[in-house]
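Taking it in order: structure first as structure tokens, then the write-up.
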Amino acid sequence: SFWWGAVAVYYIVLSMIRFLLLCQMRSMRSQQDIMSEYRRYRLCGAMLVLLNLSLTGLVVQMVRDHRAYVYPESMVIASAAYTFYTVAASILDMVKYRAYKSPILSAAKIIRFAAALVSLLSLETAMLAQYGGGEGFRRSMTGLTGGGVCVMVLAMSVYMILKANRELKKYTQEACVGKQQERQNMENKNEAFHYIYSAREQEEVRRIRQKYTPKERDRLEQLRRLDQRVSRKSAAVSLTVGILGTLLLGLGMCATMVWMGPWFIPGIVIGLVGIALVALAYPLHTRIAKQEREKVAPEILRLADELMK
């Protein structure tokens, strides 16, 4: 049937995207590999558009033909716990791995977040099928949630494609400038060969050199602890806010779709508060990290200057 065909396309495309990302994880950190990562990042964005098409087909059938995932009540409860955990974990991973500046890691976390949104949609249809509700109410809720998920997935795919194109253009221009400088240096110095190392290669050389350089362990460990303290505090606060927001969102869904009656309006309010807290997790993480960096910056700079002398 068309329903199972759309489900099959969704999971096939999702598996292909994850396989592509897994293959790319072996790449080295040279500039050429970064360009390869961004090409794979762009390809994942394009495949996410295809995944969104199959998802749109599923949503249309859910609204028009009353299609839904049907589970026993115990499975619905277990699915709810897993879905809320997945949504919270995917949001926090997007925050956590943003600092790594890796296109492949960013793509993996975006794909995980998209899959978590689809799981949230599946949970809603299962809860509506299990606990009932009017036909108009079920169609409205499924249509609103499904439409929102499709729009968010499409927005993420367009963002990935545009970002990859922008970064690839920048790296291509830098490579052209580097080659022109290299040719000019060879001509000015009687064709003597001089290789201009990129910033990433210079960083790799510095790391290798440090392996064979005696270190002041106490100060180095202190420097590491100060640096880790910044990320630990911001991650702990954003994690707490994100989990609390996810739980409130789940409570609001239960109030509007299971208990209903006098709980319908309070459930909407609770759900909106949960969404606001989830949205607040990343800005809060950024603000706290900035404040902590300002606090420890003088001490870190002092230790770093002493170690680099």
Side-chain angles (χ1 to χ4, degrees), residues 3 6-8 10-11 13-15 17-18 48 51-52 54-59 61-63 67-97 108-133 137-138 140-156 238-260 263-264 267-282:
W3 167 261
V7 172
Y10 169 79
Y11 282 107
V13 174
L14 183 62
S15 300
I17 294 174
R18 287 176 170 170
L48 199 59
L51 183 142
N52 192 58
S54 64
L55 179 60
T56 303
L58 292 174
V59 173
Q61 290 187 84
M62 288 176 181
V63 176
R67 289 281 190 171
Y69 292 94
V70 181
Y71 306 123
E73 185 174 1
S74 58
M75 288 294 294
V76 172
I77 296 173
S79 177
Y82 172 77
T83 299
F84 295 144
Y85 165 77
T86 303
V87 172
S90 62
I91 293 173
L92 294 173
D93 279 349
M94 290 177 67
V95 173
K96 178 180 178 182
Y97 288 95
K109 302 312 170 186
I110 289 175
I111 298 303
R112 185 182 181 186
F113 180 60
L117 291 177
V118 176
S119 297
L120 193 62
L121 174 62
S122 302
L123 173 64
E124 181 187 85
T125 60
M127 292 179 69
L128 288 172
Q130 178 68 32
Y131 300 107
F137 174 74
R138 292 175 62 181
S140 299
M141 291 296 296
T142 303
L144 288 173
T145 305
V149 170
C150 290
V151 169
M152 292 181 67
V153 173
L154 181 61
M156 289 188 291
S238 61
L239 178 64
T240 303
V241 173
I243 292 176
L244 179 60
T246 305
L247 293 175
L248 288 177
L249 176 59
L251 180 61
M253 290 178 64
C254 291
T256 55
M257 292 186 292
V258 180
W259 304 326
M260 293 186 286
W263 285 97
F264 184 77
I268 293 177
V269 176
I270 294 172
L272 291 176
V273 172
I275 293 173
L277 289 177
V278 171
L280 184 64
Y282 177 67

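Just so you know, these numbers use all the heavy atoms, side chains as well, and skip hydrogens, waters and symmetry mates.
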Notebook entry, point to check: Distance from Leu244 atom CG to Thr240 atom OG1, nearest 0.5 Å?
Noted result: 8.5 Å
Notebook entry, point to check: Rounded to the nearest 0.5 Å, what separation is found between the CG atom of Leu58 and the OG1 atom of Thr142?
Noted result: 12.5 Å
Check: Do the side chains of Val59 and Cys150 get nearer than 4.5 Å, heavy atoms only?
Finding: yes
Notebook entry, point to check: Which atoms form the tightest heavy-atom contact between Ser90 and Phe113, and what is the distance?
Noted result: OG-CD1, 3.4 Å
Item checked: Exercise: identify the closest heavy-atom pair between Glu124 and Met141 -> OE1-O, 3.1 Å
Checklist line | Heavy-atom closest pair, residues Val153 and Ala114 | finding: CG2-CB, 4.2 Å
Checklist line | Gap between atom CZ of Phe84 and atom CG of Leu247 - 0.5 Å precision | finding: 8.0 Å
Note to self: With heavy-atom distances below 4.5 Å as the criterion, would you say the side chains of Met156 and Leu117 are in contact?
What the structure shows: yes
Next item on the list: Quick one: pull up OG1 in Thr125 and CG in Leu120 and give me the separation to the nearest 0.5 Å.
Entry: 10.0 Å
Item checked: Pairwise distance CE(Met62) to CG(Leu55) - rounded to 0.5 angstrom -> 7.5 Å
Notebook entry, point to check: Is the closest side-chain heavy-atom distance between Leu51 and Leu14 below 4.5 Å?
Noted result: yes
Next item on the list: Mind listing the closest non-hydrogen atom pair of Thr86 and Ala116 along with its distance?
Entry: CG2-CB, 3.6 Å
Item checked: Contact summary for Arg112 and Arg18, nearest pair of heavy atoms -> CA-NH2, 4.5 Å
Notebook entry, point to check: Between OG of Ser238 and CD1 of Ile243, what distance do you get to the nearest 0.5 Å?
Noted result: 9.5 Å
